[in-house]
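Notes to accompany the following structure.
We count ligands from 1, going down the list as the structure has it; atoms in each ligand are counted the same way. Side chains are part of it too, since the values below use all heavy atoms of this structure and drop only hydrogens, waters and symmetry mates.
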Amino acid sequence: MVNYKKFFPITLLSAFLIVGCSNSLQESGNNKKEHQQTESRDIVEETKSVEVLPSFLNDKPKEMKNLYASVAKNRELLENIPCYCGCGKSSGHKNNYDCFVYKNHKDGAIVWDDHATKCGVCLEIAATSIQDYKAGKSIKEIRKKIDEAYKNGYAEPTPTPNL
Ligand SMILES: [Zn+2]
């Protein structure tokens, strides 16, 4: 029996956002190459630590804020999980962590990326991975599950090195 309660927030979020994701894919396909970086749809914002969420999340649902906070605390996991939304091509992402966090500074400051706020696939992959990680699955097992789940009907995965 499926535990609907557990999956409800994720499903809700992605139902909301799946449109935004395919839009950005389309957009990048039509854009000339030289415009891709400068006209990038993705906003980045720095805060002084993972405890301080960026202001672009202010008007976003609580589930999304929680997910951003969890992603920042599960860097090792998500740097090993590919994203299948097409962001490898459109935004040069290397893994699912890149959809949420642009950069980590040595002093603990963090530069957030709003890419995932517009993308149901990014959110869903991160949420599922973190959920499984908390349930005790290994990063390798999670990676396998994600690759399996998204191999058909989704964009090319990010070039995330194999474990
Ligand atoms: Zn992505």
Side-chain angles (χ1 to χ4, degrees), residues 7 9-31 33 35-47 50 53-57 59-61 63-104 110-134 137 139-163:
F7 288 101
I10 304 165
T11 322
L12 191 75
L13 271 179
S14 38
F16 245 116
L17 289 150
I18 208 109
V19 178
C21 201
S22 47
N23 272 353
S24 80
L25 263 177
Q26 224 176 359
E27 216 177 298
S28 70
N30 294 338
N31 274 352
K33 209 173 182 189
H35 287 300
Q36 263 182 18
Q37 289 310 314
T38 45
E39 281 187 357
S40 168
R41 292 78 43 197
D42 298 340
I43 298 168
V44 296
E45 184 179 333
E46 183 173 328
T47 67
V50 298
L53 289 175
S55 65
F56 64 69
L57 288 178
D59 60 344
K60 299 290 186 287
E63 290 83 4
M64 199 186 279
K65 290 178 185 157
N66 290 343
L67 187 58
Y68 260 82
S70 307
V71 165
K73 288 165 193 163
N74 285 282
R75 182 180 179 181
E76 199 208 338
L77 164 68
L78 294 167
E79 279 187 338
N80 284 298
I81 303 296
C83 187
Y84 280 80
C85 79
C87 59
K89 258 197 186 138
S90 66
S91 307
H93 290 174
K94 300 270 186 292
N95 49 62
N96 186 239
Y97 183 77
D98 289 347
C99 306
F100 297 78
V101 179
Y102 180 70
K103 200 174 171 180
N104 286 83
I110 177 167
V111 185
W112 305 87
D113 195 312
D114 85 328
H115 176 88
T117 64
K118 300 167 287 182
C119 180
V121 176
C122 309
L123 293 169
E124 202 176 66
I125 289 175
T128 310
S129 302
I130 292 169
Q131 208 165 56
D132 284 356
Y133 198 52
K134 280 183 182 156
K137 282 203 177 132
I139 297 178
K140 211 170 178 164
E141 281 173 302
I142 298 166
R143 167 86 191 247
K144 216 175 145 190
K145 181 179 156 180
I146 297 290
D147 282 335
E148 206 42 52
Y150 292 89
K151 70 179 178 193
N152 292 319
Y154 291 88
E156 283 286 300
T158 50
T160 312
N162 257 314
L163 283 166

Looking from the Zn ion (ligand 1), what is the angle between SG on Cys99 and SG on Cys87, to the nearest 10°?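 Answer comes to 90°, rounded to 10°.
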CD of Glu148 to CZ of Arg143, rounded to nearest 0.5 Å, is 12.5 Å
Lys137 and Glu141: CA distance, side-chain angles, deciding distance, salt bridge (charged side-chain N to carboxylate O under 4.0 Å, His left out) verdict
CA-CA 6 Å; Lys137 282 203 177 132; Glu141 281 173 302; over 6 Å; no
Whether over 12 other heavy atoms sit under 6.0 Å from Lys103 NZ
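At most 12 heavy atoms, drawn from other residues, nucleotides or ligands, come within 6.0 Å of this atom.
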Residue pair Tyr68 / Asp113, side-chain donor-acceptor N/O under 3.5 Å: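 Per modelled atom types, Tyr68 and Asp113 side chains form no pair under 3.5 Å.
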Counting backbone and side chain alike, does His93 bring an N/O/S atom below 2.8 Å of the Zn ion (ligand 1)?
no
I'd like to know if the Zn ion (ligand 1) has an N/O/S atom from Cys83 within less than 2.8 Å of it, counting both backbone and side-chain atoms.
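A backbone or side-chain N, O or S atom of Cys83 is under 2.8 Å from the Zn ion (ligand 1).
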